[in-house]
Number of protein chains: 2
Amino acid sequence: MPVKTNAVRSSAAVEDYLERILELINTKGYARVVDIATSLGISQASVTNMVQRLDGEGLLNYEKYRGLVLTTAGETLARNIARRHQLLTDFLKLLGVDERVIEHDVEGMEHHISPSTLRAIEGLTAQLKRRPALLARLN
Amino acid sequence: MPVKTNAVRSSAAVEDYLERILELINTKGYARVVDIATSLGISQASVTNMVQRLDGEGLLNYEKYRGLVLTTAGETLARNIARRHQLLTDFLKLLGVDERVIEHDVEGMEHHISPSTLRAIEGLTAQLKRRPALLARLN
DNA sequence: TAAAGAAGTTAGCCATGCCTAACTTGGATT
DNA sequence: AATCCAAGTTAGGCATGGCTAACTTCTTTA
């Protein structure tokens with residue numbers, strides 16, 4: 001019987017958490033509450049709350065006081081979010097937008113980009129990488 | 001003495017309201033609470049609340065039971081928001097994204113695009129309009 | 001191994017922005 | 001002019017996702 005990947009509908013906040021958790025796991029090997037909190041610039045209490053919720057939604061396995069790991073569903077979702085973030089960042093970099101602004105804008109808009117829009121931007125980015133002339137003096 | 005245009009920091013919700021109000025004024029000549037509510041798909045009560053808040057912030061003049069008009073500050077802001085919306089829509093149209101998706105994505109991301117990013121996208125859109133070959137089969 | 005400090009949790013609170021229900025106002029109809 | 005109904009308002013509530021303060025657990029170290 002095929003596994004149903006019950007499309008998890010995630011809020012912007014949930015996406016931010018998953019993105020950071022994956023990033024922490026990739027760089028440090030684990031993601032503690034305190035690290036997630038620091039990384040997102042919020043309180044540990046808020047992280048504990050959200051982590052319990054994400055456990056309830058099956059996106060990660062959480063054991064009180066002990067830590068957490070992403071489930072398969074959570075990791076898949078997190079990877080997609082990270083990929084979207086990277087593609088948008090690449091695109092804006094190509095346009096010569098300032099790094100700080102890129103960070104800000106991508107963090108805000110990434111949660112609202114549909115797969116098809118993302119594909120279009122991805123394709124465009126690939127084209128533009130071959131024709132840098134187009135990009136001269138956009139700003 | 002020069003007028004200080006106290007940069008109004010507007011939330012996504014505020015921007016949505018201003019955008020619709022300007023649109024209604026442009027098409028119908030006025031913006032009633034009931035029209036704003038229908039247009040945004042929310043209750044009249046919510047609109048009344050927000051309109052009172054926007055009055056307090058100097059973005060519009062509101063007279064109980066009588067109606068509202070945008071102040072200069074409000075209209076300027078609304079025009080900027082509308083322009084940003086239009087530019088993003090044009091850009092995604094050029095990429096061949098489906099109309100429905102464009103609406104959805106633009107409505108979500110428009111609130112998070114900085115002026116410099118917008119300028120870059122505007123410039124790129126202009127370039128792309130001259131080189132349609134680049135746009136073949138992006139999706 | 002005891003205790004101190006770091007990490008984690010809980011409880012209770014707040015702002016934003018939406019809702020419904022009930023009430024008020026004003027304009028159109030008779 | 002009285003009435004009716006659409007439009008508008010108010011009151012009170014809810015969900016999300018933050019916060020602080022106080023408490024518990026874990027880990028490290030003297």
Side-chain angles (χ1 to χ4, degrees), chain A residues 8-21 24-25 28-70 74 77-78 81 104 107-112, chain B residues 8-21 24-25 28-70 74 77-78 81 104 107-112:
Chain A
V8 181
R9 70 172 287 71
S10 48
S11 67
V14 166
E15 293 189 352
D16 283 336
Y17 275 91
L18 289 177
E19 198 171 349
R20 296 306 176 104
I21 289 171
L24 285 167
I25 288 176
K28 309 187 55 163
Y30 52 86
R32 290 179 311 169
V33 168
V34 69
D35 297 326
I36 300 168
T38 300
S39 166
L40 287 173
I42 63 183
S43 72
Q44 288 182 227
S46 298
V47 173
T48 296
N49 262 325
M50 180 60 92
V51 157
Q52 288 171 351
R53 175 178 148 192
L54 295 178
D55 178 281
E57 290 176 8
L59 294 172
L60 51 80
N61 290 323
Y62 159 72
E63 231 179 319
K64 227 185 237 184
Y65 296 109
R66 301 259 104 191
L68 57 95
V69 288
L70 291 173
L77 189 45
I81 292 163
H104 169 274
E107 267 157 32
M109 71 186 185
E110 62 181 339
H111 311 294
H112 308 280
Chain B
V8 182
R9 68 175 283 75
S10 48
S11 67
V14 165
E15 294 189 352
D16 283 336
Y17 276 91
L18 289 177
E19 197 171 350
R20 296 305 177 104
I21 290 170
L24 284 167
I25 288 176
K28 310 186 57 164
Y30 52 86
R32 289 179 311 169
V33 169
V34 69
D35 297 326
I36 300 168
T38 301
S39 166
L40 287 173
I42 61 182
S43 73
Q44 288 182 218
S46 298
V47 174
T48 295
N49 261 326
M50 180 60 91
V51 157
Q52 288 171 350
R53 175 178 147 191
L54 295 178
D55 177 282
E57 291 177 8
L59 295 172
L60 51 80
N61 291 322
Y62 159 72
E63 232 178 317
K64 228 186 235 183
Y65 296 110
R66 303 257 104 190
L68 58 94
V69 289
L70 291 173
L77 190 45
I81 292 163
H104 169 274
E107 267 158 30
M109 71 187 184
E110 62 180 338
H111 311 293
H112 309 279

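Within every chain, numbering begins at 1; the chains are lettered A, B, ... in the order of the sequence lines, protein sequences first and strands thereafter.
- Two residues are said to be in side-chain contact when any heavy atoms from C-beta on lie closer than 4.5 Å; B:Asp16 and B:Glu110 meet this criterion.
- Contacts between residues 32-43 of chain A and DNA chain D, counted as heavy-atom distances below 4.0 Å, involve A:Gly41, A:Ile42, A:Ser43.
- The OH atom of A:Tyr30 sits 10 Å away from the P atom of C:dA7 (whole-angstrom rounding).
- Nearer to the 5' terminus of DNA chain C, by closest-nucleotide assignment, is the contact made by A:Gly67 (compared with the other of A:Gly67 and A:Asn49).
- First and last contacting nucleotides of DNA chain D toward chain A (any atom under 4.0 angstrom from a heavy atom, 5' to 3' order): D:dG17 to D:dT27.
- Closest non-hydrogen pair, A:Tyr17 versus A:Leu54, comes out as CB-CD1, 4.1 Å.
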Is there a side chain to side chain contact (heavy atoms under 4.5 Å, CB included) between B:Leu18 and B:Leu70 once you walk through the steps? CA-CA 9 Å; B:Leu18 289 177; B:Leu70 291 173; 3.9 Å; yes

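- By the side chain to side chain donor-acceptor pair (under 3.5 Å) test, B:His112 pairs with no residue at all, sequence neighbours left out.
- Mapping A:Ala45 and A:Ala13 onto DNA chain D via the closest heavy atom, the residue that lands nearer the 5' end is A:Ala13.
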Please write out each protein N/O paired with an N/O of nucleotides 24-29 of chain C under 3.5 Å, distance rounded to 0.1 Å.
from   : atom 1 : to      : atom 2 : distance (Å)
C:dG27 : OP1    : B:Arg66 : NH2    : 2.9

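- Pairs passing the salt bridge (charged side-chain N to carboxylate O under 4.0 Å, His left out) check and including a residue from residues 39-48 of chain A, sequence neighbours excluded, do not occur.
- At a threshold of 4.5 Å between non-hydrogen side-chain atoms, the residues A:Met50 and A:Val14 count as touching.
- Here the closest non-hydrogen pair linking A:Leu60 and A:Val51 is CD1-O, 3.6 Å.
- For the pair B:Ser46 and C:dC19, the criterion of a side-chain N or O lying under 4.0 Å from OP1 or OP2 is met.
- Contact of the A:Leu68 side chain with the A:Asp55 side chain is not registered, since no non-hydrogen atoms from C-beta on lie closer than 4.5 Å.
- Per the geometry, CD belonging to B:Gln44 stands 14 Å off C1' belonging to C:dC23, to the nearest Å.
- Taking atom CG of residue B:Leu54 and atom C1' of nucleotide C:dT16, one finds them 13 Å apart after rounding to whole Å.
- For B:Gln44, the side chain to side chain donor-acceptor pair (under 3.5 Å) test picks out no residue, with sequence neighbours left out.
- Across all non-hydrogen atoms, the minimal contact from A:Glu15 to A:Ser10 is OE2-OG, 3.3 Å.
- In terms of heavy-atom proximity, A:Arg53 sits nearest to A:Ser11 at NH2-OG, 3.8 Å.
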